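Reviewing the structure listed below.
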Amino acid sequence: GVGVAYRVAQGILRAVSANQPRGAQAAGLDEAELLDLVALGTVADIVPLLQENRELVRQGLARLNRTTRVGLQALMQQAGVTPGQADATAIGFRLAPRLNAAGRLESAMLAYRLLSSQDQTEAAELAAQLGRLNTQRQELTEQTVQRARRQIEANPGNGLLLLAEGDDFLHGVVGLAAGKLTEEFYRPTIVIERGPDFSHGSARSIPTFHITKALDQVAHLLERHGGHEAAAGFKIRSDRLPQFRAEIQALAAAELAQQTLQPTLEIDALVRLSDLDFGLLGVLQQLEPCGQENRPPVLLARDCKVLEARTVGGEGAHLKLTLSDGGPPREAIAFRQGHWLSRVRQRMDVVFALEANEYNGNRRLQLNVHDLKLSEG
């Protein structure tokens, strides 16, 4: 959507410029000035970063890192994104969630006001408000995930497709909750905000089950629906929910029963921890921007000695490791995988993406861990 909007704006600006009398002052807006917003919208909407989309994001990131928009400057400061170092990951995990929190919990106009603000004081206040909303959104999402998980685990009818519903589930976070549960259980998941007359559901899926095509097959029960292969939403009369549950789970059972439902990781290269340095990181960063359908390189280091393992973050949410293969110690972090601590032994094989960790002006190499396995050695 943001790419289409940009091309329309670009066409209008060029048409206006072409029709101006010779010698007249040019229009006050350069089309390149919009590219920071194009990068934001493209990454935030999880668009495949391939071909034209990738090039627009590449150009947009360059402009974002020197943006003159006071709203974006305030948002980056609030989110802890250093100007000059913003990449697609910073958009996806720091900037976009704050912008999206406005529409999920209050009004999307808050985000619009921030992006269009010309006043530094107003921009700082709006950025702080979006930061608070994002924290609230995280808390509400986690509460919804916990309640939906209990419901799923208590219902033996949940098989190859997981479904949870609640009268007080919040419409703005049911999709986020479904995404987290799909990641946790590796099953298609639907979370529904149930109303007295109509209910609204949000679905997330796995590569082997096209969720929107599944909804097409039960469209006779739905008021409306839409989405793509991995995510969808719908509206349904509440009295049709039992029949919907039965039919959608039957579809999933027929399609998935003979499949091995286990996530896989494609590893690009086997490396030694002692060979990792900022030179290698610089080479890998030439592949940026990475993102949807254009993932960062995934590396494997075997037989790593675990020098330290502990949980960090609220309630031990993340796993922090210090690893070595005889060379300098390497810091590693497995986000949202604090429960892996019980799996850690003295020697592990580690799958990771290489990145830089910036903190208090210090820049260090860090392994962003995707998976762990006991070393066969």
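Predicted model only: the values in this text are computed from it and were never measured.
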State, with a plain yes or no, whether a side-chain heavy atom of [X] is found less than 4.5 Å away from one of [Y].
| X | Y | result |
| --- | --- | --- |
| Leu40 | Val2 | no |
| Leu321 | Cys304 | no |
| Gln138 | Asn134 | yes |
| Leu72 | Leu95 | no |
| Glu247 | His220 | yes |
| Leu300 | Leu265 | no |
| Thr89 | Glu355 | no |
| Asn368 | Phe335 | yes |

Side-chain donor or acceptor of [X] paired with backbone N/O of [Y] under 3.5 Å:
| X | Y | answer |
| --- | --- | --- |
| His370 | Phe352 | no |
| Asp325 | Leu273 | yes |
| Gln120 | Val70 | no |
| Thr141 | Val173 | no |
| Thr182 | Ala178 | yes |
| Asn65 | Ala86 | yes |
| Asn19 | Ala15 | yes |
| Thr189 | Arg187 | yes |
| Gln78 | Ala128 | no |

For a side-chain contact (heavy atoms from CB on, under 4.5 Å) check, start with the C-alpha distance between His225 and Asp216, then their side-chain angles and the critical distance, and finish with the verdict. CA-CA 8 Å; His225 71 284; Asp216 290 343; 2.7 Å; yes
Could you state the interatomic distance from CG (Leu256) to OG (Ser205), rounded to the nearest 0.5 Å?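 One finds 7.5 Å between CG of Leu256 and OG of Ser205.
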Any chance you could measure Glu153, atom CD, to Leu162, atom CG, to the nearest 0.5 Å? 9.5 Å
If the condition is side chain to side chain contact (heavy atoms under 4.5 Å, CB included), which residues does [X] pass it with, not counting sequence neighbours?
| X | result |
| --- | --- |
| Ala62 | Arg66 |
| Ala230 | His228 |
| Ala334 | Leu319, Gln337, Trp340, Val369 |
| Glu184 | Arg149, Leu181 |

Locate the shortest heavy-atom distance separating Ser202 from Val174; write the atom from each residue and the value.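 Nearest pair, atom of Ser202 first, then Val174: CB-CG2, 3.8 Å.
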Compare every heavy atom of Ala164 with every heavy atom of Ile152, then report the nearest pair and how far apart it is.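 It is CG1-CB, 4.3 Å.
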Give a yes or no on whether Leu221 and Ile211 share a hydrophobic cluster (residues Ile, Leu, Val, Met, Phe, Trp, Tyr; joining criterion: side-chain heavy atoms under 4.5 Å apart).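 Yes.
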Can you get from Leu37 to Leu126 by hopping between Ile, Leu, Val, Met, Phe, Trp and Tyr side chains that sit under 4.5 Å apart? yes
Tell me, which pairs form a salt bridge (Lys or Arg N to Asp or Glu O under 4.0 Å) where one or both residues lie in residues 81-109, sequence neighbours left out? none
Anything under 3.5 Å between a donor and an acceptor, one on a side chain of residues 275-283, the other on a protein residue two or more places apart or in another chain? List them.
{"from": "Asp277", "atom 1": "OD1", "to": "Gly279", "atom 2": "N", "distance (Å)": "3.1"}
{"from": "Asp277", "atom 1": "OD1", "to": "Leu280", "atom 2": "N", "distance (Å)": "2.8"}

Geometric cation-pi criterion, Arg237 with Phe198: 6.0 Å, 45°: yes
For [X], which residues count as a side-chain hydrogen bond (donor to acceptor under 3.5 Å, both in side chains) partner, sequence neighbours excluded?
| X | result |
| --- | --- |
| Arg363 | Glu358 |
| Glu229 | none |
| Arg132 | none |
| Thr212 | none |

One pair to check against side-chain contact (heavy atoms from CB on, under 4.5 Å): Met348 and Lys373. What are the steps and the verdict? CA-CA 6 Å; Met348 304 292 294; Lys373 188 179 76 168; 5.6 Å; no
Neighbour count >12 (heavy atoms, 6.0 Å) for atom [atom1], [X]:
| X | atom1 | answer |
| --- | --- | --- |
| Arg364 | CZ | no |
| Glu165 | CD | yes |
| Glu33 | CD | yes |
| Tyr112 | OH | no |
| His200 | NE2 | yes |

Decide whether Glu142 and Gln146 meet the rule of one side-chain donor and one side-chain acceptor closer than 3.5 Å.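 Checked: Glu142/Gln146 side chains pair up, N/O donor to acceptor below 3.5 Å.
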Does the pair Ile91 and Leu64 meet the rule for a side-chain contact (heavy atoms from CB on, under 4.5 Å), with working shown? CA-CA 10 Å; Ile91 293 177; Leu64 177 64; 4.0 Å; yes
Test salt bridge (charged side-chain N to carboxylate O under 4.0 Å, His left out) on Glu223 and Arg240; report intermediate values, then the result. CA-CA 10 Å; Glu223 298 297 305; Arg240 292 177 176 169; 3.5 Å; yes
Lys320/Glu331 ion pair, N-O < 4.0 Å: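 Salt bridge between Lys320 and Glu331, a charged N being under 4.0 Å from a carboxylate O: yes.
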Starting from the C-alpha separation in whole Å, work towards a yes-or-no answer on side-chain contact (heavy atoms from CB on, under 4.5 Å) for Ser375 and Asp349. CA-CA 5 Å; Ser375 176; Asp349 294 345; 3.6 Å; yes
Which side-chain hydrogen bond (donor to acceptor under 3.5 Å, both in side chains) pairs, counting each pair once, include a residue from residues 254-269, with sequence neighbours left out?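 Every pair satisfying side-chain hydrogen bond (donor to acceptor under 3.5 Å, both in side chains) with a residue in residues 254-269: Thr208-Gln259, Asp268-Arg295.
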Contacts under 3.5 angstrom, residues 45-59 side chains, donor-acceptor by atom type, not counting sequence neighbours:
{"from": "Glu52", "atom 1": "OE2", "to": "Arg7", "atom 2": "NE", "distance (Å)": "2.8"}
{"from": "Glu52", "atom 1": "OE2", "to": "Arg7", "atom 2": "NH2", "distance (Å)": "2.6"}
{"from": "Asn53", "atom 1": "ND2", "to": "Pro48", "atom 2": "O", "distance (Å)": "3.3"}
{"from": "Arg54", "atom 1": "NH2", "to": "Leu287", "atom 2": "O", "distance (Å)": "3.0"}
{"from": "Arg54", "atom 1": "NH2", "to": "Glu288", "atom 2": "O", "distance (Å)": "3.1"}
{"from": "Glu55", "atom 1": "OE1", "to": "Arg58", "atom 2": "NE", "distance (Å)": "3.0"}
{"from": "Glu55", "atom 1": "OE2", "to": "Arg58", "atom 2": "NE", "distance (Å)": "3.4"}
{"from": "Glu55", "atom 1": "OE2", "to": "Arg58", "atom 2": "NH2", "distance (Å)": "2.6"}
{"from": "Glu55", "atom 1": "OE2", "to": "Gln59", "atom 2": "NE2", "distance (Å)": "2.8"}

Can you tell me how the ring of Phe244 sits relative to the ring of Phe234, calling it parallel under 30°, perpendicular over 60° and tilted otherwise? tilted
